[in-house]
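Below is one structure, written out as structure tokens; comments come after it.
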Number of protein chains: 2
Amino acid sequence: MQIAPHSHAGGHPPATRRLRPALFQGLTTPEMRLVRRVFTEDLYDDAEAVPRDPARAPFVGLLLDGCLREDAVLQGGERLFALTFPGETLSPLGPRRRRGRLSAIGAVQLLTCDRDGFERIAQEVPRLRLNLLGLVQEHLTEAQRWQVLLGRKSASERVASMLNWFHARQGAPAELHLPVTRTELGQMAGLTMETVSRQVRALEKAGVIDLPLPSRVRVIDPGALHSLSGDAQPQRLH
Amino acid sequence: MQIAPHSHAGGHPPATRRLRPALFQGLTTPEMRLVRRVFTEDLYDDAEAVPRDPARAPFVGLLLDGCLREDAVLQGGERLFALTFPGETLSPLGPRRRRGRLSAIGAVQLLTCDRDGFERIAQEVPRLRLNLLGLVQEHLTEAQRWQVLLGRKSASERVASMLNWFHARQGAPAELHLPVTRTELGQMAGLTMETVSRQVRALEKAGVIDLPLPSRVRVIDPGALHSLSGDAQPQRLH
DNA sequence: CGCAAAATTGATGGCTCTCAACCTCAGTGG
DNA sequence: CCACTGAGGTTGAGAGCCATCAATTTTGCG
């Protein structure tokens, strides 16, 4: 793997790190030391692809910094399918997703482990296997959240939901970073870029967010964002 | 678990069994004998719920006969989320999906195993762990297929896709069985029951399917069903 | 500045939802 | 055998939301 000499200046602010990433939950300090020896830090430049062939693809990965995008290949074109933010994990790939493309957005720092290494360390730290299963389940949950969004929500709810999720996943910073174009947001949400644009600006006009630049979103009213997302409990009167 | 005295007469035809379910792929005959001792066959009556609390829920399950439905609870109501057909598997649940409901459609025969049992047998048959991971990945792939359907397809493509998938998953029988109402098909596809009905009848009028009864679909032209699903490669001229 | 890519805004039309009426089928009881 | 009943299904008319097409503005970058 190669070294990217990027500094962090000008990038998005480092995410508020969770207590411990899900992959390493419940591990003791000596166990963590063992784990650290098996995992390696890979660096990627902007737009560089993460390998996906079974021989070189990371078996599991923990994103330390930067963003990753996953593009799916379907008949005709590629479409942005998912984003990964710092603190989140890459889980092992099924055969279908291997056809897609995984690439860096900005300078990316990724903590990875191959399958053999994982098997070895899992012998000593069985908890890791449980955590891995949990990760994949987490991805399933996430996929089902998108199913609800795509199946049942209106355009305004979809956009509010996306912003709300990204905001939360970035650690609820004052200013969230949208590392993709309106077209790509639309690909994820099942909308056209025009509709995304209109809904984002409607949120701005409503005072829920501020848009110093199209890719920078200051969240003024997180509560409103949540209730506009359609995920909130329906407000009952009295 | 209780015994359901249902006969199979009048039910849907037994699915064409695959060579071996994904959970048991690559196992030798003696390994299969070991596995058989750990798994138990559970029977459920129509509409009976499969337990979901961590103490009693099956860790993994293989559906031998009948259908299962998974309903998700979201603010307000329940919605049909997924169907499981014979030969398919239940994978361990993430925390979110435990809130949903899993129940039998018709008389169900389920081969299950709890977590401790699985851990024990996986010591002797390590391949099982790999297969389990593959199962969950398979579910992820399936979820992403639905994401494409919900995000990018028109109503007619959604209905054609659903019928096509169910047809294939039931083993491409002459007559496929739709064990749910139009309303529930609509919940899965993000459509209203009226739109589902219109599109199903349009397929009938086009001669792609025949509808002796609303819940029984004779597939006359599987090729047409596939090309109408929007998953086919775009036909190029010349 | 000058250019290209992205974003925004507006006008228009089509697809799907909504609402409403009617139909079909299975089950029940006379 | 038939009337009744209720759940599910079908069909139609109209409205609303979002895609499409097109023009303009903004942003990024040499």
Side-chain angles (χ1 to χ4, degrees), chain A residues 10-12 46-47 69 76-80 105-106 149-163 175 177-206 209-218 228 230, chain B residues 10-11 46-47 69 76-77 79-80 105-106 148-163 177-206 209-218 228 230:
Chain A
H12 47 281
D46 184 47
R69 56 179 293 161
E78 283 197 1
R79 311 177 47 71
L80 178 57
I105 302 179
L149 181 146
L150 293 166
R152 297 305 299 177
K153 291 186 180 180
S154 67
S156 61
E157 289 172 331
R158 293 183 197 197
V159 170
S161 294
M162 259 197 308
L163 294 183
E175 187 175 293
H177 182 222
L178 281 182
V180 293
T181 67
R182 298 284 186 265
T183 301
E184 292 164 329
L185 287 177
Q187 290 175 354
M188 288 191 287
L191 299 170
T192 60
M193 88 184 147
E194 292 94 335
T195 301
V196 172
S197 176
R198 273 185 263 263
Q199 298 302 337
V200 169
R201 310 233 64 202
L203 287 173
E204 186 192 21
K205 288 200 183 78
I209 60 174
D210 191 21
L211 277 176
L213 283 177
S215 66
R216 299 191 166 267
V217 181
R218 237 192 290 280
L228 290 172
Chain B
D46 183 48
R69 56 179 292 161
R79 311 179 48 72
L80 178 57
I105 302 179
V148 173
L149 181 146
L150 293 166
R152 297 302 300 176
K153 291 186 179 181
S154 67
S156 60
E157 289 172 330
R158 293 183 197 197
V159 170
S161 294
M162 262 199 307
L163 294 183
H177 183 221
L178 282 182
V180 293
T181 66
R182 298 285 186 263
T183 301
E184 290 164 328
L185 287 177
Q187 290 174 354
M188 287 191 287
L191 299 170
T192 59
M193 95 188 142
E194 293 93 334
T195 300
V196 172
S197 176
R198 273 185 265 262
Q199 299 301 337
V200 170
R201 312 238 56 207
L203 287 174
E204 187 192 21
K205 289 199 183 79
I209 60 174
D210 190 22
L211 279 175
L213 283 178
S215 67
R216 300 194 166 265
V217 181
R218 239 193 288 281
L228 289 172

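Please read all numbers here as calculations on a predicted model, not as lab measurements. Letters A, B, ... mirror the listed sequences (proteins, then strands); counts begin at 1.
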Rounded to the Å, how far apart are B/Leu80 CG and D/dG8 C1'? 16 Å
Would you mind classifying the nucleic acid contact of B/Gly190 as base, sugar-phosphate or nothing, using non-hydrogen atoms under 4.0 angstrom? sugar-phosphate
Point-to-point distance, once rounded to the nearest 0.5 Å, from NZ of B/Lys205 to CG of B/Leu211: 10.0 Å
What's the CZ-P distance between B/Arg182 and C/dT18, to the nearest Å? 19 Å
Options C/dT9, C/dT16, D/dC18, nucleotide nearest the side-chain atoms of A/Ala155: D/dC18
Atom CD1 of B/Ile209 and atom CZ of B/Arg218: how far apart are they, to the nearest 0.5 Å? 11.5 Å
Quick one: on DNA chain D, does A/Leu213 or A/Val196 contact a more 5' nucleotide (nearest heavy atom)? A/Val196
Between atom NZ in B/Lys205 and atom C1' in D/dG9, what is the gap in whole Å? 13 Å
Is the base of C/dT18 touched by the side chain of B/Arg198 through a donor-acceptor pair closer than 3.5 angstrom? yes
To the nearest 0.5 angstrom, please state how far the CZ atom of A/Arg198 sits from the CE atom of A/Met193. 9.5 Å
To the nearest angstrom, the CD-C1' distance between B/Gln199 and D/dG9 comes to 15 Å
What is the separation between atom CG on B/Leu203 and atom C1' on D/dT10, rounded to the nearest whole Å? 15 Å
From C-beta outward on A/Thr195, which listed nucleotide comes closest to its side chain: D/dG9, C/dT9, D/dA19? D/dA19
Show the numbers, then the answer: is there a side chain to side chain contact (heavy atoms under 4.5 Å, CB included) between A/Ile105 and A/Val180? CA-CA 9 Å; A/Ile105 302 179; A/Val180 293; 4.2 Å; yes
Taking CG from B/Leu185 and C1' from D/dG9, how many angstroms apart are they, rounded to a whole number? 12 Å
Starting at the 5' end of DNA chain D, which residue's closest nucleotide do you reach first, B/Arg201 or A/Glu194? B/Arg201
Length of the CD-C1' vector between B/Glu184 and D/dG9, whole Å: 13 Å
Hey, which of these two, A/Thr183 or B/Arg158, hits DNA chain C nearer its 5' end, going by closest nucleotide? A/Thr183
Are any side-chain N or O atoms of B/Arg158 and backbone N or O atoms of B/Leu150, one a donor and one an acceptor, separated by less than 3.5 Å? yes
Of the nucleotides C/dA7, D/dT10, C/dT16, which one has an atom closest to the side chain of B/Leu211? D/dT10
Rounded to whole Å, CE of A/Met193 lies from P of C/dT9 at a distance of 13 Å
So A/Thr192, base contact, sugar-phosphate only, or nothing? Heavy-atom distance under 4.0 Å. base
